Amino acid sequence: MEKRVRVRFAPSPTGGLHMGGIRTALFNYLFAKKHGGDFILRIEDTDQTRFVEGAEEYIIESLKWCGIEPNEGVGFGDGRYAPYRQSERKNLGIYKIYANKLIASGHAYYAFDTTEELEEMRKRLEAAKVVSPQYNAVSRQNMRNSLTLAEDEVKKLLEQGAKYVIRLKVPRNEEIRFNDIIRGWVTFNSAQVDDKVLLKSDGMPTYHLAHIVDDIEMEITHAVRGEEWLPSAPAHILIYRYLGLEDQIPKLAHLPLILNPDGNGKISKREARFPVFPLSWKDPRESMPYIGYKESGYYPEAFINILALLGWNPGNNEELFSVEQLSQLFSFERVHKSGAKFDPEKAKWFNQQYLRAKSDHELSHLFKPILKEKGYEKDDAFMIDFCKLVKDKVQFVYEFWDHGKYIFEAPTSYDQKVITKKWNNTCGTLFNSVLITFNSVNNWTSQNINNAFEELLKTTGKIDVQLLRVLITGVAGGPQLFDMLALMGKDEVIKRLELALKINN
RNA sequence: GGCCCGUUCGUCUAGGGGUUAGGACACGUCCCUUUCACGGAUGAAACACGGGUUCGAUUCCCGUACGGGCUACCA
């Protein structure tokens, strides 16, 4: 029988989780759902110096908002493999057990070097024009570790409680290859891999040891992570091998990165002229919060849809998918190898598609609080008509205000470009007759206004409709004119027209 | 610098030894519209370059260029 699929999203709580992280979580989620497996949230908080207050809560809230909730792990009810926080798992002693196993088999060793000594080594190697200075099979011979020190001296140091780290003993020249689900066979030489620290001097494991131990203990079947991990993958292969667990290595999938739309490189929160965080993120170390997709008016469904299509596609021309559909279609085989530039313009289009799919009723509820903030309150019937009228002009709910505010507010100025171009001395009498005509409309509906207007045209000849629009709303564009006038109400229209004629005459 | 990964319209991408190289966003033009949109139609726009392999390469191989990632007692 096939093993139950178990994948984990394993961020470190060192800051806000951005869209790249969400996409990694999403692909994990989709894969788990597709195979009826488990999606686990594990918190990799082994670096105590980089811990950021609120980051863990933020990760959990973000996943919830996106609708891609883990079914196991921190913030999601824990589970059979608890705890899911590495700082807590450390107290179980498991990392040390694995590290000691590696020491016992001769594949890891104690290193007593201080930061200064390491710095010195680096300088020395650089001076000697060594291409990549690192703690490895060659340089370790000149350092203070259990490979160079006499056995009784090592023993003495350990007994004295000297500070030490445990390092992986990487062979000098060995080919290491593995099969990545997305990239196929990838080959490295161990000469480029340094003797990675497995256990730090504070007793905490590094990522390299911790994630492997946890993946083993939690029976993870697929390790899905960003491309930035590719270079350290060979070290991870060696750790499994030296643990005698090479057959238990999860299937590896290294995702392509999400790149900046302009310029190059990974998306960065500072440079971006678009949101990079799902929710507003206030970093305790910085004064200004970063606005999120949520606050920018994006629907989570749209946000997820955009992300899903960055580096993956189902192979046909469709682009609009619900999370459920995505989890049916998803496969790593269809994930790209190359990075994808994020396009904020297309992101807006996606949101528009989701907005259009919503009913006028639903939109009216979403817009109501925004309108209230502007100081206006209208009944449901009005709100629904309003949304229907303005809907196809907007990409975000808040834009209902931008594209429809003149329905609520009389103009304080008139588009001068239109006025200068179109207003002439016949306009005063012309639009006065419009005023009289409007006044005579009894049942103030769009159709009746239109009929009356057409009737008027028979005697007056052409009347510039755009100019009429400007006289009533102040601006040259907007929703269907007569529909809008009907919604505004007869009194309001008459009032505005009278005012406009007074001012522009 | 070294190592690894990558490269189809401006962007996201489909495709894959023989195609008019398809779609979407954005952009242009036209139609609809007495206004504004939506919508419809249409246009411009790509296989990084050089060598192979082959009857034939955008597709396979090798180089080059370019881009990205990594190069910590960070993840």
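All of these numbers come straight from a predicted model, not from anything done at the bench. Letters A, B, ... are given to chains in the order of the sequence lines, protein chains preceding strands, and every chain is numbered from 1.
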Residue-level proximity of residues 348-357 of chain A to RNA chain B when a heavy atom falls under 4.0 Å: A:W349, A:R356
A:F342 and A:F274 aromatic ring geometry - parallel, tilted or perpendicular at 30°/60° bounds: tilted
Closest listed nucleotide, where the reference is the side chain of A:L310 and the choices are B:C12, B:A14, B:C74: B:C12
Rounded distance in Å between the C1' positions of B:A26 and B:U19: 26 Å
Among B:U13, B:G10, B:G68, the nucleotide that comes nearest once only the side chain of A:A340 is considered: B:U13
Stepwise side-chain hydrogen bond (donor to acceptor under 3.5 Å, both in side chains) check, A:N145 with A:D113: CA-CA 7 Å; A:N145 53 52; A:D113 317 281; 5.0 Å; no
A:E228 vs A:R122, nearer the 5' end of RNA chain B by closest nucleotide: A:E228
Set of residues satisfying ring pair (Phe, Tyr, Trp, His ring centres under 6.0 Å) with respect to A:H222, sequence neighbours excluded: A:F31
Watson-Crick or G-U wobble mate for B:G63, both contacts under 3.5 Å: B:C49
Basic-acidic side-chain contact under 4.0 Å: A:D195, A:R140: yes
Aromatic ring proximity A:F303/A:Y298, centre distance under 6.0 Å: no
B:U42 versus B:C66 - spacing of their C1' atoms, nearest Å: 35 Å
Rounded distance [0.5 Å steps], NZ in A:K269 versus NE2 in A:H18: 9.0 Å
Nearest-neighbour nucleotide for the A:K346 side chain, B:G68, B:C12, B:C3 considered: B:C12
A:K200 vs B:A75: side-chain N/O to OP1/OP2 distance below 4.0 Å: yes
From B:U13, B:A14, B:C5, nucleotide with atom closest to A:R334 side chain: B:A14
Side chain A:T206 and base B:C73 donor-acceptor under 3.5 Å: no
Nearest-Å distance for atom pair CZ/P, residues A:F303 and B:C12: 18 Å
Closest nucleotide among B:A14, B:G69, B:C36 to the A:Q466 side chain: B:C36
Opposite nucleotide pairing with B:C3, Watson-Crick or G-U, both atom distances under 3.5 Å: B:G69
Nucleotide B:C3, atom P - distance to CD of A:Q192 in whole Å: 7 Å
A:H211 side chain to A:R42 side chain, donor-acceptor N/O pair below 3.5 angstrom: no
Side chain of A:H336 (C-beta onward), nearest among B:U34, B:U13, B:G2: B:U13
Nearest-angstrom distance from the residue atom CG of A:N260 to P of B:U11: 14 Å
Length of the line joining A:H254:NE2 and B:C70:C1', which is rounded to integer Å: 11 Å
Inter-nucleotide P distance (B:G6, B:C60), Å rounded: 12 Å
Output field: ring centroids A:F367/A:F400 closer than 6.0 Å: yes
Positions of residues 42-53 of chain A (non-hydrogen atom under 4.0 Å from RNA chain B), listed by number: A:E44, A:T46, A:D47, A:R50
Gap in Å between the two P atoms, one belonging to B:G1 and one to B:A57, rounded: 34 Å
Atom P, compared across B:C12 and B:G68: separation rounded to whole Å: 14 Å
Nucleotide B:G67, atom P - distance to CD1 of A:I258 in whole Å: 21 Å
Spacing between A:N136 atom CG and B:C3 atom P, to the nearest angstrom: 15 Å
Separation of atom CD1 in A:I181 from atom P in B:C5, rounded to whole Å: 17 Å
Parallel, tilted or perpendicular: rings of A:F330 and A:F332 (30°, 60°): perpendicular
Listed nucleotide nearest any side-chain atom of A:V186, set B:G23, B:A14, B:C5: B:C5
Any strand: nucleotide that pairs with B:U54 via Watson-Crick or wobble, under 3.5 Å: none
Options B:C5, B:G6, B:G23, nucleotide nearest the side-chain atoms of A:E319: B:G23
Whole-Å P distance, B:G15 and B:C73: 43 Å
Interatomic distance where CE belongs to A:M484 and P belongs to B:U33 [whole Å]: 20 Å
G-U wobble or Watson-Crick pairing nucleotide for B:U33 (cut-off 3.5 Å, both distances): none
Which residue lies more 5' along RNA chain B, comparing A:F188 with A:S232 via nearest heavy atoms: A:F188
A:R144 with A:E117: basic N within carboxylate O range, under 4.0 Å: yes
Test item: side-chain donor near acceptor, A:D214 and A:Q86, under 3.5 Å: yes
B:G28 versus B:A65 - spacing of their P atoms, nearest Å: 39 Å
Per A:L457 side chain, nearest of listed nucleotides B:U34, B:A75, B:G1: B:U34
Ion pair A:D47/A:R50, N-O distance below 4.0 Å: yes
Partner nucleotide of B:C25 by Watson-Crick or wobble geometry (both distances under 3.5 Å): B:G10
